[in-house]
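Heads up: the structure comes next, in structure tokens.
Throughout, numbering of the chain's residues begins at 1 and tracks the sequence.
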Amino acid sequence: MNRNDAVAPQAHITAHDSHYRAEPDLLDKGLAHDSIGLSASVAMAVSCVAPVYALTVALGPTVREVGLQLPAVLLAGFVPMLLVAFAYRALNKVIPDAGTSFTWTVKAFGPYTGWMCGWGLIIATVIVLSNTAGVAATFFYLFLAQLLDNPDIAAFGARKPVNVLTTSAMVALATWVAWRGMMTAKRVTYVLVAVQMVALAVFCLLAFRGIASGTVPTAISFEWNWLNPFSVKTVAALVSGLSLSIFIYWGWDVCLSANEETRGSEHTPAAAALLSIMALAGTYVLVAIATQMYAGIGDTGIGLGSPDTHDNVFAALATPIMGHPLDLLLYGAVLASAASSLQTTFIPAARTMLAMSVYRAMPAIFARIHPRHQVPSNATIAAGVLTAAFYAVMTWLSENVLSDTVESLGMMICFYYGLTALSCVWYFRHEYRIGLGPLITKGLLPLLGGGMLAAMFVQLCVTTFDPGYGSGGAIFGVGTVFAIGVGILLLGAVLMIAWRLAQPAFFRGETLRHDTPALIVEDPPA
């Protein structure tokens, strides 16, 4: 497919069919076209989100922030994701480029904003990859300990050197799978997603059965107020809870990053994104209600507020709810979830690096496509190396690396998702005079989603600056979560300036233009 075909000029425009002047600077990057369809795209999005992994690391921190309103906050986190998905759908239809957020924000706001948006996406992916690999390493030893009935194995795996080495090995394996190409990743994804969804269904079924039996001392009764996010005590707690709930939806846009490799690249990725977000929302609310009803939110025993449960909910609840040997299914599902997320999450990072390199916003070495596997080989390897290095450094700096990186990730997500949504609002501004449809779907809804995420980003910066936030750790006198989130964004700004001085072509608009093309209209609309 010629990349220019997606934005070819047309003779006229109606309220339902908008067209733009051709953008000849969009380049085909040599990826394997038409290698995945709708079902594979949905599976890829769910795989990248990794619902079992996301829930086990996010339920505890979210309960700590919002208490019994856990289901409400998880459902509320769905709203900005859905609004942002409208922006992705509109932008992908006219600019189906593997650079996604990077390319789109360059077109709307210029090279500097686009570069920072691309950096935010890459570093968010690295944080998720490191966190996912850490969970995979932990559950690998937990699974072996349960399987062999030897708790010393779990204690051995918890040692820092062992944990870092095991995590690095898992990152290397995931890098290899991603490097092998989209077809290999697709086959692995189907199996790993199926294991996750079956395990969650069994977990919920057995949790509700235990509650109904009346033999669970921690069980509490369901209340409709759990679904009311406005019952959260403070705005700061609500925003913190929402940032965590947004984290568990993150990754659905992976199917957009693979748009150059998807059949029907203008429509299929966006449809897959919407389907995956809605499926995840239903799953999350059901699991949250089942877990909260069974364990309660107390700070002792298996309560979701307990320090023993906080960082790894399913590790604490697998045996009480499912018993042995069925608990192995949940341990295996977390391992499968982390593994599926690992190999799928390489896609947005590697393809964003590829696009930035092709348009000379990064070194040319990342533009290399493997001649047989047709993937960005050097970019994929670089993402793996960055992930392993980031996890090793964070493990030695923070005693609560999983919790702190999850909370800092919320800032990254708000940053680049918010910018992408707002770029849609600006890019399509010429369409709003056509009719109510474009005004709502390309203007008001993305504006609302982007505005919500921008407000959350500001509130998170204020809240996380306090060293007492999150795990209570500090780096250079400020909260660990703030230091990770804002510090990495500032590092990106420094790298951008250095690249501008070394290679200014991209920033001059010579490789990717900053333009929001006017509509081609024969007759002015009434």
Side-chain angles (χ1 to χ4, degrees), residues 48-49 54 58 62 65-66 72-92 100-102 104-105 108-109 113-114 116-125 127-128 229 232 235-254 256-257 270 273-274 276-277 280-281 284 348 352 406-428 440-465 481-482 484-486 488-489 492:
C48 190
V49 173
T62 307
E65 298 294 339
V66 302
V73 170
L74 296 188
L75 190 59
F78 161 76
V79 175
M81 293 297 98
L82 181 64
L83 297 175
V84 170
F86 278 101
Y88 273 76
R89 182 181 67 172
L91 289 164
N92 180 74
T100 59
S101 293
F102 159 73
W104 299 335
T105 47
F109 297 134
T113 304
M116 287 301 298
C117 189
W119 169 258
L121 187 156
I122 292 169
I123 206 63
T125 306
I127 291 175
V128 168
V232 178
V235 173
L238 177 60
V239 170
S240 298
L242 283 173
S243 74
L244 288 163
S245 72
I246 285 174
F247 157 74
I248 68 174
Y249 287 100
W250 182 88
W252 55 265
D253 56 317
V254 66
L256 278 301
S257 295
L274 290 170
S276 62
I277 292 172
L280 288 166
Y284 287 158
T352 300
V406 164
E407 299 197 39
S408 66
L409 179 64
M411 300 172 70
M412 298 294 166
I413 294 171
C414 290
F415 177 76
Y416 89 85
Y417 273 176
L419 274 179
T420 305
L422 296 176
S423 70
C424 174
V425 176
W426 186 248
Y427 189 88
F428 291 106
I440 293 175
T441 60
K442 299 178 181 180
L444 295 180
L445 295 182
L447 179 61
L448 182 59
M452 291 171 65
L453 293 174
M456 288 175 60
F457 177 80
V458 173
Q459 180 63 48
L460 282 171
C461 289
V462 173
T463 305
T464 59
F465 187 83
V481 176
F482 179 89
I484 296 171
V486 176
I488 288 175
L489 287 177

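- In this structure a side-chain-to-backbone donor-acceptor pair under 3.5 Å is missing from T420 to S101.
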request  = Dump the intermediate steps for side chain to side chain contact (heavy atoms under 4.5 Å, CB included) on L121 and T100, then the final yes or no.
outcome  = CA-CA 10 Å; L121 187 156; T100 59; 4.1 Å; yes
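- A donor-acceptor contact shorter than 3.5 Å is absent between the side chain of T463 and the backbone of L460.
- Here the CD1 atom belonging to I246 is positioned 3.0 Å from the CE atom belonging to M456, to the nearest 0.5 angstrom.
- Closest of all the heavy-atom pairs between L91 and F428 is CD2-CE1, 3.8 Å.
- In terms of heavy-atom proximity, P348 sits nearest to V254 at CD-CG2, 3.5 Å.
- When the options T125, T352, D253 are evaluated for a side chain to side chain donor-acceptor pair (under 3.5 Å) with Y416, the one that passes is D253.
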inquiry  = Could you walk me through whether L83 and Y417 satisfy the side chain to side chain contact (heavy atoms under 4.5 Å, CB included) test, starting with their C-alpha distance in whole Å, then the side-chain angles of each, then the deciding distance to 0.1 Å, before giving a yes or no?
reply    = CA-CA 10 Å; L83 297 175; Y417 273 176; over 6 Å; no
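- The side-chain heavy atoms of F78 and L280, taken from C-beta on, include no pair separated by under 4.5 Å.
- The distance from the CZ atom of R89 to the CG atom of L274 is 6.0 Å, given to the nearest 0.5 Å.
- The two residues A124 and M412 have their closest heavy-atom pair at CB-CB, 3.7 Å.
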key: Evaluation steps, side chain to side chain contact (heavy atoms under 4.5 Å, CB included), between W250 and I127   = CA-CA 12 Å; W250 182 88; I127 291 175; over 6 Å; no
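- Qualifying side chain to side chain donor-acceptor pair (under 3.5 Å) partners for W119, counting only residues two or more places apart in sequence or in other chains: none.
- The OH atom of Y88 sits 7.5 Å away from atom OG of S257, with the distance rounded to the nearest 0.5 Å.
- Residue V49 comes nearest to W252 through the heavy atom pair CG2-N, 3.6 Å, listed as atom of the first residue, atom of the second, then distance.
- Residue S245 comes nearest to V73 through the heavy atom pair OG-O, 3.2 Å, listed as atom of the first residue, atom of the second, then distance.
- Residues I440 and P446 approach most closely at O-CD, 3.9 Å, considering heavy atoms.
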request  = Step by step, work out the side chain to side chain contact (heavy atoms under 4.5 Å, CB included) result for L422 and F109.
outcome  = CA-CA 9 Å; L422 296 176; F109 297 134; 4.2 Å; yes
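- By the 4.5 Å heavy-atom criterion applied to side chains, T62 and I248 are not counted as neighbours.
- Contact annotation: the side chain of K442 never approaches that of F86 to less than 4.5 Å [non-hydrogen atoms, C-beta and beyond].
- Residues that satisfy the side-chain contact (heavy atoms from CB on, under 4.5 Å) test with T105, not counting sequence neighbours, are C117, L419, S423.
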